[in-house]
Number of protein chains: 2
Amino acid sequence: MAKSLQLKTAELEKISHLDYFNIALSVDLVIFGYEDKELKVLLIKSDLEEFSGMYSLLGDLVRPDEDLDSAPYRVLLSRTGMDDVFLEQVHTFGSIGRHPSGRVITTAYYALIDIRHHQLQVDSNELHWHAVNDIKKLAFDHKLILNTCLEQLRSQIMEKPVAFNLMQDKFSLRELQEVYEAILDTKLDRRNFRKKIAVKDWLQDLNEMESNLSHRPGKLYGLKKQFKRKSSKALVI
Amino acid sequence: MAKSLQLKTAELEKISHLDYFNIALSVDLVIFGYEDKELKVLLIKSDLEEFSGMYSLLGDLVRPDEDLDSAPYRVLLSRTGMDDVFLEQVHTFGSIGRHPSGRVITTAYYALIDIRHHQLQVDSNELHWHAVNDIKKLAFDHKLILNTCLEQLRSQIMEKPVAFNLMQDKFSLRELQEVYEAILDTKLDRRNFRKKIAVKDWLQDLNEMESNLSHRPGKLYGLKKQFKRKSSKALVI
DNA sequence: ATTTTAATGTGTCATAAGTACATATTTATT
DNA sequence: AATAAATATGTACTTATGACACATTAAAAT
């Protein structure tokens with residue numbers, strides 16, 4: 001029997017419904033945010049001895065009375081107070097040895113958060129935003145999960161207006177471009193970027209300008225209503 | 001408690017490791033094949049009373065001692081004798097009511113099979129090939145799973161040389177085009193199709209021609225070696 | 001041997017999209 | 001009034017896409 005399947009009872013108790021004849025199912029969340037011109041991801045200190053000092057993704061076991069796709073919303077709401085968030089399933093990871101405490105298969109989701117809007121109290125919850133580019137390793141197979149989700153995000157931002165979930169409701173084209181550059185980790189040409197975005201017909205011209213700048217202000221735009229999620233309330237925790 | 005969670009013990013016994021406090025995890029396979037200019041999918045008569053007379057995908061519970069991604073290979077080998085098959089994970093389905101006998105979350109994979117090469121004895125195993133276009137409904141949420149996998153297949157055939165897994169080792173450009181047309185369920189322009197394929201650099205000119213035709217024969221091509229899976233042995237069952 | 005059948009093989013033109021690149025304009029500050 | 005720092009915008013080149021027609025080949029029929 002594989003080494004990964006040998007575990008102490010103490011560890012085992014940490015995870016309910018976990019034994020060697022029942023596979024446990026969890027969800028893990030790659031929660032992306034954007035701040036200081038960097039793409040960030042929300043991490044928590046791992047609570048397993050094996051990974052002491054290391055960070056991991058937010059996750060939890062799926063409950064028997066909830067839909068799989070509801071679980072990540074529950075985790076997000078209960079751990080961060082965030083509601084009405086963009087979430088998408090990416091991939092399910094299930095190698096035998098991926099969890100040191102037993103057999104746990106996990107479905108990974110990525111979420112996109114407007115950090116400023118949600119006013120997350122990160123430090124009180126042992127949660128911290130990390131620049132994606134600075135993350136070298138994570139607990140479990142979470143670095144692989146992060147990379148997989150990042151790839152999916154990158155492949156989607158020109159197809160669907162998902163990147164707007166990282167931004168406030170009003171933004172200039174410069175801010176939008178900076179978000180795209182942060183996600184793709186590359187510099188973009190301003191004129192070509194604007195052409196590409198313009199042709200998508202995602203933007204609503206708000207007839208407002210930036211203010212309080214020491215240079216020429218840009219026009220402000222919003223995402224067209226038809227692409228927005230219904231509400232934008234953030235629960236206070 | 002949800003209706004879907006009420007079940008008779010008789011039904012429950014059919015699925016090992018299945019109860020209401022342990023979610024069971026399965027894999028389901030959308031096995032595509034190509035024959036008679038049609039895209040086919042391999043189905044089996046459902047063994048559940050609720051779905052008597054209906055067809056369903058091949059699937060099985062994931063075993064505690066196998067990787068998630070190994071399970072579909074095991075299912076394919078044990079149920080059809082097929083080995084060395086192209087398989088790709090697509091999505092995980094986990095709504096509460098999706099399985100009438102209890103809580104089963106399933107990870108869907110699609111597989112691509114060269115029907116003629118594998119010489120599957122389908123009838124002896126209650127397995128049957130069905131034209132994808134003729135499938136109106138399936139047991140469980142398998143129609144949804146089929147549609148999701150079909151979409152994924154369609155979005156990948158111009159990106160990666162996956163469609164070749166449906167074909168024999170030698171083929172003419174006409175045959176290749178017919179496979180693409182069957183997958184996309186659309187007619188393609190011959191000249192434009194050849195241009196698009198040519199630029200991918202996937203094809204090896206075999207310097208052979210079709211034979212035994214009552215018209216001008218076409219050149220035969222194969223997929224370039226670098227894109228092929230290692231072996232091509234099919235086990236006899 | 002010639003004709004017929006049924007397919008293969010190939011190129012051009014028009015339109016759309018992608019990429020590289022430079023100058024005039026606007027606002028606040030000095 | 002001049003400066004600093006950004007916005008706004010267009011063109012030329014290349015590449016991809018989509019519509020479309022004709023000469024060629026091999027076998028079969030006459």
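Bear in mind that the values here come from a model prediction, so they are computed numbers and not experimental data. Here is how names work: the chains are called A, B, and so on, in the same order as the sequence lines, proteins then strands, and each is numbered from 1.
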Could you check whether the rings of [X] and [Y] sit parallel, tilted or perpendicular, using 30° and 60° as the cut-offs?
{"X": "B:His99", "Y": "B:Phe140", "value": "tilted"}
{"X": "B:Tyr110", "Y": "B:Phe86", "value": "tilted"}
{"X": "B:Tyr180", "Y": "B:Phe164", "value": "perpendicular"}
{"X": "B:His130", "Y": "B:His128", "value": "perpendicular"}

- Message: I want to confirm an ordering. Mapping A:Gly218 and A:Asp189 to their closest nucleotides on DNA chain D, which one lands closer to the 5' end?
- Response: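 That would be A:Gly218.
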
Whole-Å distance separating the [atom1] atom of [X] from the [atom2] atom of [N]:
{"X": "B:Asn212", "N": "C:dA7", "atom1": "CG", "atom2": "P", "result": "16 Å"}
{"X": "A:Gln177", "N": "D:dA8", "atom1": "CD", "atom2": "P", "result": "12 Å"}
{"X": "A:Asp205", "N": "D:dA8", "atom1": "CG", "atom2": "C1'", "result": "13 Å"}
{"X": "B:Arg174", "N": "D:dT24", "atom1": "CZ", "atom2": "P", "result": "22 Å"}
{"X": "A:Ile197", "N": "C:dG18", "atom1": "CD1", "atom2": "P", "result": "11 Å"}
{"X": "A:His215", "N": "D:dA8", "atom1": "NE2", "atom2": "P", "result": "11 Å"}
{"X": "B:Met209", "N": "C:dA6", "atom1": "CE", "atom2": "C1'", "result": "15 Å"}
{"X": "B:Lys219", "N": "C:dG9", "atom1": "NZ", "atom2": "P", "result": "7 Å"}

- Looking just at side-chain N and O atoms, do B:Ser95 and A:Asp67 make a donor-acceptor pair shorter than 3.5 Å? no

- Base C:dT8 to side chain B:Arg216, donor-acceptor N/O within 3.5 Å cut-off: yes

- Message: Quiz question: going by heavy-atom distance under 3.5 Å, is there a donor-acceptor pair between the base of D:dA8 and the side chain of A:Arg190?
- Response: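 Donor-acceptor pair under 3.5 Å: yes.
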
- Scoring nucleotides 11-17 of chain D by protein non-hydrogen atoms under 4.0 Å (B base, S sugar-phosphate only, - none) yields B------

- Task: May I ask you to say what A:Leu173 touches in the nucleic acid, namely base, sugar-phosphate or nothing, with a heavy-atom cut-off under 4.0 Å?
- Result: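 If one applies the 4.0 Å heavy-atom cut-off, A:Leu173 turns out to touch nothing in the nucleic acid.
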
- Message: Please check this pair: side chain of A:Lys37 against backbone of A:Glu178, looking for a donor-acceptor N/O pair closer than 3.5 Å.
- Response: no

- Message: Here's a test for you: under side chain to side chain contact (heavy atoms under 4.5 Å, CB included), which of B:Asp28, B:Asp69, B:Ile31, B:Val30 qualifies with B:Tyr109?
- Response: B:Asp69

- Message: As a test of reading the structure: which of D:dC20, D:dA26, C:dG9 is closest to the side chain of B:Pro217, going by heavy atoms?
- Response: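 For the B:Pro217 side chain, the nearest candidate turns out to be D:dA26.
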
- Message: Given C:dT10, D:dA8, C:dA22, identify the nucleotide with an atom nearest to the side chain of A:Arg191.
- Response: C:dA22

